[in-house]
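Worksheet: one structure, shown below.
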There are 2 protein chains.
Amino acid sequence: MGLREPVILPHLQDCGSCTIRHRAVCARCDSDELARLEQMKYYRSFEAGQTVIWSGDRMDFVASVVSGIATLSQTMEDGRRQMVGLLLPSDFVGRPGRSTAAYDVTATTDLLMCCFRKKPFEELILSTPHISQRLLEMTLDELDAAREWMLLLGRKTAREKIASLLAIIARRDVSLNPRKSGPIVFDLPLTREEMADYLGLTLETVSRQVSALKRDGVISLEGKRHVTVNDFDRLLEVAGDDSDGGYPV
Amino acid sequence: MGLREPVILPHLQDCGSCTIRHRAVCARCDSDELARLEQMKYYRSFEAGQTVIWSGDRMDFVASVVSGIATLSQTMEDGRRQMVGLLLPSDFVGRPGRSTAAYDVTATTDLLMCCFRKKPFEELILSTPHISQRLLEMTLDELDAAREWMLLLGRKTAREKIASLLAIIARRDVSLNPRKSGPIVFDLPLTREEMADYLGLTLETVSRQVSALKRDGVISLEGKRHVTVNDFDRLLEVAGDDSDGGYPV
DNA sequence: GCCCTGCCTTGATGCAGATCAAATGGGAAC
DNA sequence: GTTCCCATTTGATCTGCATCAAGGCAGGGC
């Protein structure tokens with residue numbers, strides 16, 4: 001036993017996930033294990049708006065996002081909805097040891113996922129410690145993100161919430177496409193309603209606060225989705241974040 | 001290699017944690033590993049109200065709660081506070097691979113913790129796969145709890161929030177001290193202000209809504225802390241929970 | 001007994017954000 | 001081009017909770 005040479009799993013090479021944000025199932029495995037993982041993987045694609053799985057449905061796979069964006073959400077009987085997670089490329093979904101989905105998973109954009117049937121994946125975990133160590137690391141990151149979000153949902157004003165969301169998207173965008181300097185520019189991957197469901201607001205309030213940030217010169221808008229962050233520090237300030245306290249996703 | 005006989009770790013026998021809610025670091029280890037864990041453990045106790053560690057402080061240990069209750073919270077510069085977690089006996093705190101605390105940890109009641117220095121614990125994890133598998137399971141539970149709480153913070157009314165909190169405490173109480181039937185009775189382990197910080201409310205609103213639930217006959221109060229849940233189903237209904245959708249802590 | 005201190009309740013008022021409603025604008029189909 | 005469809009914006013009003021402000025009450029020290 002002992003540690004082996006670090007190897008990038010083949011599905012990650014194929015998918016390009018591991019390089020993106022170092023969050024995928026990137027373990028140190030021997031070639032047998034690599035081969036087993038490789039054999040059990042398969043792809044599923046979804047169109048924007050499609051539901052991947054409903055909360056409570058039988059879920060016999062785990063998966064990582066290859067491209068596109070998916071959301072995790074919960075809905076109350078009367079229709080109130082709260083998004084509880086955003087799945088970006090390389091993010092993992094599904095829980096070893098649980099047979100039904102705990103949340104609605106929805107494709108926000110066109111989505112490609114790399115799936116593994118749950119049973120053999122669980123067996124692989126048992127015999128391959130690095131995978132569960134990697135999964136633990138990822139899950140702890142998600143937990144931090146969820147707790148950061150609890151502060152936002154429980155204590156921030158609408159204006160702060162919007163600024164926080166924009167800051168997160170901007171920060172992620174910068175880390176994906178590093179720029180030397182100048183304003184950060186990106187397209188919002190979410191509708192106003194999706195933003196509202198994420199932030200615990202109504203879509204009208206989201207719209208108003210986005211307009212207010214624009215009016216105040218913190219951001220500029222071209223159309224409804226194309227955002228320019230004129231001054232990132234100012235945005236962080238409005239967000240009420242501790243200086244530079246990075247949101248860990 | 002392969003699986004070994006299941007063994008309860010000695011610190012868990014000592015602490016009684018593992019039996020309480022099956023959430024401690026209860027792995028299948030061989031006797032060498034048991035001995036190593038046993039050697040590195042030590043205890044720390046705190047009085048009610050004391051701070052265990054501040055967010056940002058160096059944290060060179062991980063720990064599990066033996067007895068008492070601790071809270072995890074985040075605070076904004078201007079003093080707004082949000083509790084992001086409740087640590088009950090057998091809950092684990094600390095993160096392998098991170099050197100500073102991410103949250104304020106505070107003893108709500110008198111508290112006894114069973115600690116392990118982080119460095120040797122991390123080494124043990126590397127060589128003992130069952131531990132990280134167990135930690136993964138626990139972390140996934142915590143993540144589910146955090147997401148459940150996001151729905152509460154983002155979308156529930158004050159009345160629903162209070163009922164949800166009472167339902168969680170009542171449910172935990174029942175699982176600790178199973179009763180044949182009749183009303184559920186317990187003492188609130190939190191002040192009104194702590195409840196408010198957990199629920200994203202003010203203490204005045206908490207007080208008013210508790211009084212309202214009492215007035216409506218959903219609960220009875222004796223003094224300020226001693227609660228009787230007259231009708232648990234009614235409480236769940238007020239909480240807006242899907243019928244019996246258990247909060248996974 | 002006294003007072004003091006912490007925790008809690010209750011009341012009055014104000015406001016941020018929800019709700020209800022209507023108008024605008026841009027893209028796709030034709 | 002025109003029309004339709006939706007996402008979005010904007011306006012008017014309402015309301016749940018925060019805020020500000022007084023008490024009430026139980027426990028501990030003296």
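Naming convention: chains lettered A, B, ... in sequence-line order (proteins, then strands); numbering from 1 in each chain.
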Side-chain heavy-atom pair B:Lys161, B:Tyr198 within 4.5 angstrom cut-off: no
A:Asp197 and B:Arg155, any side-chain heavy atoms less than 4.5 Å apart: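 Yes, side chains in contact.
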Rounding to an integer number of Å, can you tell me how far [X] [atom1] sits from [N] [atom2]?
X: B:Lys161; N: D:dA18; atom1: NZ; atom2: P; answer: 7 Å
X: A:His226; N: D:dT8; atom1: NE2; atom2: P; answer: 16 Å
X: A:Lys214; N: D:dT10; atom1: NZ; atom2: C1'; answer: 13 Å
X: B:Leu188; N: C:dC8; atom1: CG; atom2: C1'; answer: 12 Å
X: A:Asp197; N: D:dA7; atom1: CG; atom2: P; answer: 13 Å
X: A:Glu193; N: C:dA18; atom1: CD; atom2: C1'; answer: 15 Å
X: A:Lys224; N: C:dT24; atom1: NZ; atom2: C1'; answer: 8 Å
X: A:Arg81; N: C:dA18; atom1: CZ; atom2: C1'; answer: 18 Å

CZ/B:Arg81: more than 12 non-hydrogen atoms of other groups inside 6.0 Å: no
With A:Lys156 via salt bridge (Lys or Arg N to Asp or Glu O under 4.0 Å) - residues at least two apart: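 Counting only residues at least two positions away or on another chain, A:Lys156 forms a salt bridge (Lys or Arg N to Asp or Glu O under 4.0 Å) with A:Asp241.
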Non-neighbouring partners of A:Arg208 that pass side-chain contact (heavy atoms from CB on, under 4.5 Å), sequence neighbours left out: A:Glu204
For B:Thr228, all residues meeting side-chain contact (heavy atoms from CB on, under 4.5 Å), sequence neighbours excluded: B:Pro183, B:Val185, B:Ser220, B:Asn230
Which residue lies more 5' along DNA chain C, comparing A:Val206 with A:Gly223 via nearest heavy atoms: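 Residue closer to the 5' terminus by nearest nucleotide: A:Val206.
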Where protein sits on nucleotides 10-17 of chain C, one letter per nucleotide: B base, S sugar-phosphate only, - none, heavy atoms under 4.0 Å: BBB----S
Candidate nucleotides C:dC8, C:dT9, D:dT8, ranked by approach to the side chain of A:Arg192 - the nearest: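 The listed nucleotide nearest to A:Arg192's side chain is D:dT8.
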B:Arg234: which of B:Val229, B:Val218, B:Ile219 passes side-chain contact (heavy atoms from CB on, under 4.5 Å):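 Testing B:Arg234 for a side-chain contact (heavy atoms from CB on, under 4.5 Å) against B:Val229, B:Val218, B:Ile219 leaves exactly one candidate, B:Val218.
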Exam field: side chain B:Asp104 to backbone B:Ser55, donor-acceptor pair closer than 3.5 Å: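 Here the side-chain-to-backbone pair exists.
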Sugar-phosphate only, base, or nothing, as touched by B:Arg80 at under 4.0 Å among non-hydrogen atoms: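 If one applies the 4.0 Å heavy-atom cut-off, B:Arg80 turns out to touch nothing in the nucleic acid.
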Bend angle of the helix from C:dG1-D:dC30 to C:dC30-D:dG1, end axes from five pairs each (to 10°): 40°
Sequence neighbours excluded - salt bridge (Lys or Arg N to Asp or Glu O under 4.0 Å) pairs with any residue from residues 215-230 of chain B: B:Arg159-B:Asp216
